[in-house]
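Some notes on the structure that comes next.
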Amino acid sequence: MKVDTWDYVTRLRKWLDADAAPTSVQDARLLRVLKISEELGEVAEALHGALGANPRKGASHDWGTWRRNSRTS
Amino acid sequence: MAKELADVIVTAMVALDTVSGDGATVVEQQLQGRVEEEITAAGDIRLLQVLAISGDMGAIATAVYGALGTGPPGEVVEITHTWEDVEARLGLLILTAAAALDDLTGDAWDTVGERLRFLVARVAARPDMNPS
């Protein structure tokens, strides 16, 4: 892991601290933990899409390299 | 798929940074205690890898309740965990997701690093963002 990785993480955290709707410190913790669940749902969605597991949606995702996906999001 | 996995890791890192303030140390300690296990599963290992992240998420939720001493309807429950337990489990989830991303892109931390740079640049580009 590169050293500056956590510097970037802290920058994102400070942006949330400063710009997100005000909340208690404790609720901020809960929200940020809960956010992982949301992102994890998108992983599950991408996995189904990459495997074509949902007949209605077909092959909606690919395995992706970061470079291919980074421009579209 | 790689982007979504990277986002899970980034989100977990932000949560860890919020709870602990020193996520790097937590993850480093988790890395040192990690034992590589031989993969013996039949079928698509990627399914198990993603499911394992869900398992880690459940452990985090349990630890949060245990640290708060408050159950879902707001009732008082026994304090069974500390916030350090929450930090450790966030670290475990990060490593579980990183292992899955490693298999996908070859280097999870490179992928996460690129994703972080993109996200930080997107935040910095917002017109209402105060330079600080």
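In what follows, chains are A, B, ... by sequence order, proteins preceding strands, each numbered from 1. We use all heavy atoms of the structure for the numbers below, so side chains are in, but hydrogens, waters and symmetry mates are not.
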Query raised in the report: Transitively linked via ILVMFWY side-chain contacts under 4.5 Å: Val26(B) with Trp83(B)?
Result: yes
Query raised in the report: Transitively linked via ILVMFWY side-chain contacts under 4.5 Å: Val19(B) with Tyr65(B)?
Result: no
Report summary line: Given the options Ile36(A), Val9(A), Leu40(A), Thr11(B) meets side-chain contact (heavy atoms from CB on, under 4.5 Å) only with Ile36(A)
Requested in this report: State whether the number of non-hydrogen atoms from other residues, nucleotides or ligands found under 6.0 Å of Glu75(B) atom CD is greater than 12.
Outcome: yes
Requested in this report: Please answer: with hydrophobic residues joined when any side-chain heavy atoms are less than 4.5 Å apart, are Val8(B) and Leu92(B) in the same cluster?
Outcome: no
Requested in this report: Could you tell me whether the side chain of Trp6(A) reaches within less than 4.5 Å of the side chain of Leu16(B), counting heavy atoms only?
Outcome: yes
Query raised in the report: Do you know which of Ile9(B), Val112(B), Ile53(B), Val10(B) has the most heavy-atom pairs with chain A at a distance under 4.5 angstrom?
Result: Ile53(B)
Report summary line: Among residues 27-35 of chain A, those lying within the under-4.5 Å heavy-atom range of chain B are Arg29(A), Leu30(A), Arg32(A), Val33(A), Lys35(A)
Query raised in the report: If you measure from CZ on Arg46(B) to CG on Leu47(A), what distance do you get to the nearest 0.5 Å?
Result: 7.5 Å
**Report entry** Spacing of CG belonging to Leu116(B) relative to CG belonging to Asp4(A), to within rounding of 0.5 Å
**Finding:** 9.0 Å
Query - Set of residues satisfying side-chain hydrogen bond (donor to acceptor under 3.5 Å, both in side chains) with respect to Asp17(B), sequence neighbours excluded - result: Thr10(A), Arg13(A)
**Report entry** Sequence-distant partners of Val120(B), side chain to side chain contact (heavy atoms under 4.5 Å, CB included), two or more places apart
**Finding:** Tyr8(A), Arg11(A), Leu12(A)
**Report entry** Linked, directly or transitively: Leu5(B) and Leu47(B) (ILVMFWY side chains, under 4.5 Å)
**Finding:** yes
Query raised in the report: Any side-chain heavy atom of Glu42(A) sitting closer than 4.5 Å to one from Glu4(B)?
Result: yes
Report summary line: Max heavy-atom pairs within cutoff under 4.5 Å with chain A, candidates Ala15(B), Ala12(B), Gly23(B), goes to Gly23(B)
Query raised in the report: Do Val123(B) and Asp19(A) come within less than 4.5 Å of each other through their side chains, counting heavy atoms only?
Result: no
Report task. Can you tell which part of Leu90(B) gets under 4.5 Å to a heavy atom of chain A, answering side chain, backbone, both or neither? Result -> side chain
Query raised in the report: Checking heavy atoms, do the side chain of Glu45(A), its backbone, both or neither come under 4.5 Å from chain B?
Result: neither
Report task. Test side chain to side chain contact (heavy atoms under 4.5 Å, CB included) on Leu68(B) and Gln26(A) and set out the steps. Result -> CA-CA 9 Å; Leu68(B) 286 173; Gln26(A) 182 168 301; 3.2 Å; yes
Report summary line: Bottom line for Leu51(B): the part with an atom under 4.5 Å from chain A's heavy atoms is neither
Report summary line: Residues passing the side chain to side chain contact (heavy atoms under 4.5 Å, CB included) test with Gln29(B), sequence neighbours excluded, are Thr25(B)
